[in-house]
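The structure under discussion appears below in the form of structure tokens.
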Number of protein chains: 2
Amino acid sequence: MPAKRPPVPLSRERIIDAALHLADAQGLRRLTMRRLGDALEVEAMAIYHHMPGGKEALLDALAQHVTTVSVEAGERAAWQDIAALWCRAARAALLAHPGVLALAMTKPPRGSAAAAIREQTEQLREAGLAAPAEAVRAMRAYVFGSVAVELQHTGWADPTAPEPGPDPDGEAAFERGLSALLTGLGAADTTGAA
Amino acid sequence: MPAKRPPVPLSRERIIDAALHLADAQGLRRLTMRRLGDALEVEAMAIYHHMPGGKEALLDALAQHVTTVSVEAGERAAWQDIAALWCRAARAALLAHPGVLALAMTKPPRGSAAAAIREQTEQLREAGLAAPAEAVRAMRAYVFGSVAVELQHTGWADPTAPEPGPDPDGEAAFERGLSALLTGLGAADTTGAA
DNA sequence: ACCTGAACACCGTTCAAGT
DNA sequence: ACCTGAACACCGTTCAAGT
């Protein structure tokens with residue numbers, strides 16, 4: 001008799017996980033407090049107990065989730081290597097949840113996402129980059145734009161497209177552009193590489 | 001007595017204009033068929049007469065609107081100049097309506113937007129670029145990403161931010177990155193410049 | 001042809017109430 | 001402390017009806 005599981009208590013983390021799943025599977029427009037409640041086997045109103053800000057706070061949390069990345073680099077790593085790791089990690093995090101890309105690109109970075117950006121900037125500065133803030137801005141733009149066109153290209157969120165399969169050209173194009181970007185950032189930076 | 005103006009007939013164009021205004025002023029989440037009807041001094045249900053696909057078609061039309069650009073280039077213009085004009089025009093079109101950026105980046109290009117991309121690709125091919133499709137993809141990614149971080153940076157859609165004033169660094173950073181991108185595209189293209 | 005009114009199923013959110 | 005039920009104001013959309 002598979003009747004009633006022990007009632008796993010609701011939590012902010014479970015809510016966010018379920019919301020990501022729902023947005024990826026059905027799209028952001030179908031992410032609804034009531035449907036989210038159904039997915040969590042709970043009345044929609046229970047969510048507010050763990051998400052004080054309501055739906056707006058939930059969307060903020062989703063944006064932070066797919067936008068908070070960190071890389072640990074070797075002690076004496078070149079800034080180019082750190083930057084490349086960061087861009088790849090950021091791309092992977094966004095591609096993992098295509099349903100919330102619009103939020104990630106649209107909402108200003110807050111909380112953990114803003115902290116990650118600051119940490120990244122500091123890492124690049126310590127690795128010898130003279131203008132790390134500008135570099136991080138350029139890297140964020142590159143990752144956002146690449147992922148957006150890659151997902152458009154795969155037909156994600158396109159009712160016409162047959163299936164959302166991965167884009168083989170996406171990664172190769174990303175790596176080519178990444179090399180060019182890092183070269184350009186090095187040339188623009190007053191100190192040059194270490 | 002300023003009572004009743006002659007009833008300007010509703011039209012697809014007027015609907016799109018009003019929707020853009022509403023999205024820019026209040027945000028996409030507040031763009032509502034009923035509010036849109038109010039803005040047009042009409043009942044919401046009248047909109048369906050001119051927008052057969054309902055709200056989904058309206059959002060599609062908004063994405064196309066801010067994403068359909070064309071440039072006319074001189075007969076013998078270098079592909080770099082054509083590309084630069086296109087990127088600047090695309091950036092301007094997106095910045096003009098920050099409220100629908102999320103749609104522009106998220107919806108696959110359709111109709112006039114897809115046609116504009118094809119036309120652009122053809123122009124670049126005629127100007128001597130050997131792999132114009134890859135170049136256009138890279139340019140689209142660049143423009144999307146730049147505009148997204150620029151708007152994040154100005155604090156658009158940030159309830160915390162004081163005012164959405166323009167970003168003085170935005171244009172300069174855009175032009176620097178644009179030069180680097182075009183250089184990179186030239187180096188990657190098998191033919192090189194004309 | 002073009003717009004309205006009423007209706008339906010659904011939404012976010014509140015608040016008092018249950019356990 | 002944590003969740004529910006009922007309620008409220010608001011959605012998108014349909015359909016028959018008005019002019």
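In what follows, chains are A, B, ... by sequence order, proteins preceding strands, each numbered from 1. This one's a predicted model, so the numbers in the text were calculated from it and none came from an experiment.
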Q: Given side-chain hydrogen bond (donor to acceptor under 3.5 Å, both in side chains), test A/Gln152 with B/Arg140 step by step and report yes or no.
A: CA-CA 11 Å; A/Gln152 281 185 347; B/Arg140 297 205 328 125; 2.4 Å; yes
Q.
Which is more 5' along DNA chain D, the nucleotide nearest B/Arg35 or the one nearest A/His49? Just name the residue.
A. A/His49
Q: Mind checking the CG-NE2 spacing from B/Leu103 to B/His97? Nearest 0.5 Å is all I need.
A: 12.5 Å
Q) How is A/Arg29 classified with respect to the nucleic acid when contacts are heavy atoms under 4.0 Å: base, sugar-phosphate, or nothing? A) nothing
Q) Are B/Glu175 and B/Arg91 close enough for a salt bridge, meaning some N to O gap below 4.0 Å? A) no
Q | Set of residues satisfying side chain to side chain contact (heavy atoms under 4.5 Å, CB included) with respect to A/Ala141, sequence neighbours excluded | A | B/Val149
Q) Start at the 5' end of DNA chain C and walk down; is the nucleotide closest to A/Pro52 or to A/Thr32 reached first? A) A/Thr32
Q.
Students often get this wrong, so: under 4.0 angstrom with heavy atoms, is A/Arg30 touching a base, only sugar-phosphate, or nothing?
A. nothing
(Q) side chain to side chain contact (heavy atoms under 4.5 Å, CB included) for B/Gln120 and B/Ile82? Distances and angles first, verdict last. (A) CA-CA 9 Å; B/Gln120 198 54 44; B/Ile82 300 175; 3.5 Å; yes
Q.
What does the 5'-to-3' dot-bracket notation of DNA chain D look like when only Watson-Crick and G-U wobble pairs under 3.5 Å count, and pairs to other strands show as |?
A. ||.|||||...|||||.||
Q) Are B/Arg125 and B/Glu122 ion-paired here, with the side-chain N under 4.0 Å from a carboxylate O? A) yes
Q. Atom NE2 in A/His49, atom CG in A/Leu10: separation rounded to 0.5 Å?
A. 10.5 Å
Q | A/Gln80 side, atom CD; A/Leu124 side, atom CG - distance, nearest 0.5 Å | A | 9.5 Å
Q.
Does A/Met45 reach a base, just sugar-phosphate, or nothing at all? Heavy atoms under 4.0 Å.
A. base
Q) Nucleotide range of DNA chain C contacted by chain A, 5' to 3', under 4.0 Å to a heavy atom? A) C/dC11 to C/dT14
